[in-house]
Amino acid sequence: MAGVELLPKEYGYVVLVLVAYCFLNFWMLAQVGRARKKYKVFYPTMYASEAENKDAKLFNCVQRGHQNSLELMPMFFMLMILGGIRHPVIAASLGALYTVTRIFYFKGYSTGDPKNRLSIGKYGFLAIFGLIVCTISCGVHMLIE
């Protein structure tokens, strides 16, 4: 593969963490599907209306936990891919931390009380900040070499 041999061999960890996050996304997707059946919120409805469904808040919290992860996924992937070029082990470690915190974020949100998403889920933002630092370092290093 052209160009891949230029990456450090440890970049494989970055790739594996990104794949793990994809599996997490599929798991969250399945949880939303289960919630749709349980709370009777059928496609194409994205969010349930409290006027029409007594369990709207419970469903919406499950949906929102997944939606938030989807909203942050492009940034997470970009930071992992770029920051991992220069710092593959650090980026993969931060990415693994972020992935684990997203599980807690989603499970906490899915309780129906949005505050529960932050008990452990809030630490994911520290991982994102670390990935931003790795990516900045990569960019600066490219400019000065």
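All residue numbers in this chain count up from 1 along the given sequence.
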Using every non-hydrogen atom in the two residues, find where [X] and [Y] come nearest and quote the distance to one decimal.
{"X": "Pro88", "Y": "Val14", "answer": "O-CG2, 3.5 Å"}
{"X": "His87", "Y": "Ser137", "answer": "NE2-OG, 2.7 Å"}
{"X": "Met80", "Y": "Val17", "answer": "CE-CG1, 3.6 Å"}
{"X": "Gly65", "Y": "Met28", "answer": "O-SD, 4.4 Å"}
{"X": "Val62", "Y": "Gln31", "answer": "CG1-O, 3.9 Å"}
{"X": "Gly83", "Y": "Ala91", "answer": "C-CB, 4.1 Å"}

task = Could you tell me whether Lys40 and Glu52 have a side-chain N and a carboxylate O separated by less than 4.0 Å?
result = no
Please tell me whether [X] and [Y] are part of a single hydrophobic cluster in this structure, the criterion being side-chain heavy atoms less than 4.5 Å apart.
{"X": "Tyr13", "Y": "Val133", "value": "no"}
{"X": "Trp27", "Y": "Leu18", "value": "yes"}
{"X": "Tyr21", "Y": "Val100", "value": "no"}
{"X": "Leu97", "Y": "Ile103", "value": "no"}
{"X": "Ile136", "Y": "Met142", "value": "no"}

message = We want to know whether Arg102 and Asn25 form a side-chain donor-acceptor pair, criterion being a heavy-atom distance below 3.5 angstrom.
response =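 Per modelled atom types, Arg102 and Asn25 side chains form no pair under 3.5 Å.
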query = With respect to Cys134, which candidate in Leu94, Ile85, Leu79 satisfies the side-chain contact (heavy atoms from CB on, under 4.5 Å) definition?
reply = Leu94
request  = Examine distances only and state if a side-chain atom of Arg36 and a backbone atom of Val41 form a donor-acceptor pair shorter than 3.5 Å.
outcome  = yes
inquiry  = Closer than 3.5 angstrom, by distance alone: can the side chain of Asn60 be matched with the main-chain N or O of Ala48 as a donor-acceptor pair?
reply    = yes
Do the non-hydrogen side-chain atoms of [X] and [Y] ever get within less than 4.5 Å of each other?
{"X": "His66", "Y": "Phe106", "value": "yes"}
{"X": "Tyr105", "Y": "Asn68", "value": "yes"}
{"X": "Phe23", "Y": "Thr99", "value": "no"}

Reported [atom1]-to-[atom2] distance for the pair [X] and [Y], which is rounded to 0.5 angstrom:
{"X": "Leu7", "Y": "Lys9", "atom1": "CG", "atom2": "NZ", "value": "14.0 Å"}
{"X": "Met78", "Y": "Thr135", "atom1": "CE", "atom2": "OG1", "value": "6.0 Å"}
{"X": "Asn116", "Y": "Ser110", "atom1": "CG", "atom2": "OG", "value": "10.0 Å"}
{"X": "Phe76", "Y": "Ile81", "atom1": "CZ", "atom2": "CD1", "value": "9.5 Å"}
{"X": "Leu131", "Y": "Tyr98", "atom1": "CG", "atom2": "OH", "value": "9.5 Å"}
{"X": "Ile132", "Y": "Phe125", "atom1": "CD1", "atom2": "CZ", "value": "10.5 Å"}

ask   = Is Arg64 positioned over the aromatic face of Tyr109, cation under 6.0 angstrom from the ring centre and no more than 45 degrees off axis?
value =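 Ring-cation test returns no.
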Heavy atoms of other groups near [X] [atom1], more than 12 under 6.0 Å:
{"X": "Phe104", "atom1": "CZ", "answer": "no"}
{"X": "Phe129", "atom1": "CZ", "answer": "no"}
{"X": "Phe42", "atom1": "CZ", "answer": "yes"}

ask   = Who are the side-chain contact (heavy atoms from CB on, under 4.5 Å) partners of Leu126, not counting sequence neighbours?
value = Tyr123
